[in-house]
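Reviewing the structure listed below.
Just so it is clear, the model here is predicted, and its values are computed rather than measured.
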Amino acid sequence: MSEDFTGYVGMFDSGLGGISVLKECVRLLPHENFLFFGDSANAPYGEKTRDWVLARSRQILQGFLARGCKAVVIACNTATSASAATLRLEYPDLPIIGVEPALKPAALAHEHDRVLVMATPMTVSLDKYQHLMSEWGDRVEVVTVPCTGLAARIEKGNLEGEDLHELVLSLVGDYRGKVDSCVLGCTHYPFIKPQISRVIGDDVPFFDGGAGTARQLKRLLEAGGLLNGSCDAGSVVFRSSIDTPEELALYQSFFERQI
Ligand code: DGL
């Protein structure tokens, strides 16, 4: 194993979307060291099979362990739905933190609202989402939209194109003026809040799972006595299955974006 990341928090996504979660984690835990792996060569996960995503998530987690990581954040709603429960059974001593569509905070914020949930086709088809719906779906009216193609489009990196607007319009254009809030149930989507607002309306508030995931990471590191004791700023290292300087520069530029 070539690289040593002992004591780092390993974090992964199908690509650069998970950087939206990484930003929240770094904000809350500035002294921690993070190794972010984007599986961009295999994105999008949300249009693959559950078994494939589970096997790939297990492989990535094993790579983190082999490099000495102390905890793993699955910064992907799709991979969390497909793999988190199984991996926690397989690795009971490893803190494994996942991300889920933020239906709970949306429901708690405004009861009886009409909530638009945008997520990948796999996330909304799996039992984890059905469970969330049975827990919170009676407090609010939920409109679920599987957003085929959207994560793959964001993964390209250029967020300015009119084609992106057309895609968002085709997915959620019908809900303009008809929803009170919007849950971004895929970690890629926080990067296109302005494009989504342009379609559904500027006054619709967003909820995503990034901040909750960061809080859960902090809780588990504290509980396990695993917090980094250093007072120095932690480091953030990017790796990708598209192993080119251009791809890593794209990750860095997304890390520096305001969202
Ligand atoms: N960013 C991921 C998620 O949160 C996956 C998107 C994809 O690869 O389909 O669901």
Side-chain angles (χ1 to χ4, degrees), residues 1-14 17-18 21-22 24-26 28-29 31-39 42 45-46 48-105 119-120 122-123 125-136 185-187 208-230 234 236-237 239 241:
M1 193 53 57
S2 50
E3 296 183 294
D4 181 10
F5 288 103
T6 299
Y8 277 59
V9 175
M11 183 177 297
F12 75 96
D13 178 38
S14 65
V21 180
L22 174 65
E24 297 288 352
C25 291
V26 170
L28 191 65
L29 295 162
H31 306 301
E32 293 299 326
N33 298 312
F34 292 93
L35 169 60
F36 180 90
F37 176 76
D39 198 9
N42 290 304
Y45 282 0
K48 292 190 159 55
T49 66
R50 176 190 202 153
D51 285 350
W52 189 95
V53 174
L54 170 58
R56 182 65 178 151
S57 301
R58 183 185 290 119
Q59 195 179 31
I60 294 168
L61 177 146
Q62 288 168 347
F64 286 143
L65 284 182
R67 288 165 177 78
C69 291
K70 63 182 176 184
V72 171
V73 177
I74 307 174
C76 173
N77 293 264
T78 307
T80 299
S81 305
S83 74
T86 304
L87 294 177
R88 285 187 187 118
L89 287 175
E90 293 175 358
Y91 297 89
D93 298 330
L94 177 71
I96 298 176
I97 298 91
V99 58
E100 64 181 22
L103 192 53
K104 176 180 171 182
T120 69
M122 194 190 303
T123 296
S125 73
L126 292 181
D127 38 338
K128 186 168 176 57
Y129 185 66
Q130 306 313 322
H131 183 70
L132 261 183
M133 284 287 287
S134 61
E135 226 175 332
W136 300 103
C186 165
T187 56
D208 70 68
T213 299
R215 285 195 298 274
Q216 180 64 358
L217 171 63
K218 185 171 185 225
R219 273 193 290 269
L220 290 193
L221 291 181
E222 273 168 358
L226 292 170
L227 281 172
N228 190 2
S230 165
V236 175
V237 177
R239 292 288 182 267
S241 52

Y91 OH to I96 CD1 distance, which is reported to the nearest 0.5 Å: 8.5 Å

Straight-line distance of S14 OG to N42 CG, nearest 0.5 Å: 9.0 Å

Side-chain H-bond candidate by donor/acceptor type, N77 with T123, under 3.5 Å: no

Over 12 non-hydrogen atoms of neighbours within 6.0 angstrom of NZ in K48: yes

From OG1 (T187) to CG (D13), nearest 0.5 Å: 4.0 Å

Trace of the side-chain contact (heavy atoms from CB on, under 4.5 Å) decision for S241 with R56: CA-CA 12 Å; S241 52; R56 182 65 178 151; 4.2 Å; yes

Heavy-atom pair with the smallest gap, counting every atom of E3 and R67: O-CG, 3.3 Å

Side chains of S230 and N228, donor plus acceptor under 3.5 Å: no

Side-chain heavy-atom pair E90, T86 within 4.5 angstrom cut-off: yes

Closest non-hydrogen atom pair, G46 against T78: CA-CG2, 3.7 Å

Any L65 side-chain heavy atom under 4.5 Å of C69 side chain: no

Mutual orientation of the aromatic rings belonging to F12 and F64 [parallel < 30°, tilted 30-60°, perpendicular > 60°]: tilted

Min side-chain heavy-atom separation I74-I97 under 4.5 Å: no

Residue R50 excluded, over 12 heavy atoms near CZ under 6.0 Å: yes

Closest heavy-atom pair and its distance - F34, L29: CE1-O, 3.9 Å

Steps toward side-chain contact (heavy atoms from CB on, under 4.5 Å) verdict (V9, N33): CA-CA 6 Å; V9 175; N33 298 312; over 6 Å; no

Gap separating the OG1 atom of T49 from the CG atom of L54, nearest 0.5 angstrom: 9.5 Å

Distance (rounded to the nearest 0.5 Å) between K70 NZ and L227 CG: 6.5 Å

Contact summary for G98 and T213, nearest pair of heavy atoms: O-OG1, 3.3 Å

Closest approach of V21 to M11 (non-hydrogen atoms, all atoms of both residues): C-SD, 4.5 Å

Lys/Arg-Asp/Glu bridge criterion (N-O < 4.0 Å) met for K218, E32: no

R239 side chain near V237 side chain, heavy-atom distance below 4.5 Å: yes

Value rounded to 0.5 Å, distance of OG1 in T80 from CG in L87: 9.5 Å

K104 bridged to E135 by N-O distance under 4.0 Å: no

Heavy-atom neighbours of H31 NE2 exceed 12 at 6.0 Å: yes

L89 versus P92, closest heavy-atom pair with distance: O-CD, 3.5 Å

L132 side chain near P101 side chain, heavy-atom distance below 4.5 Å: yes

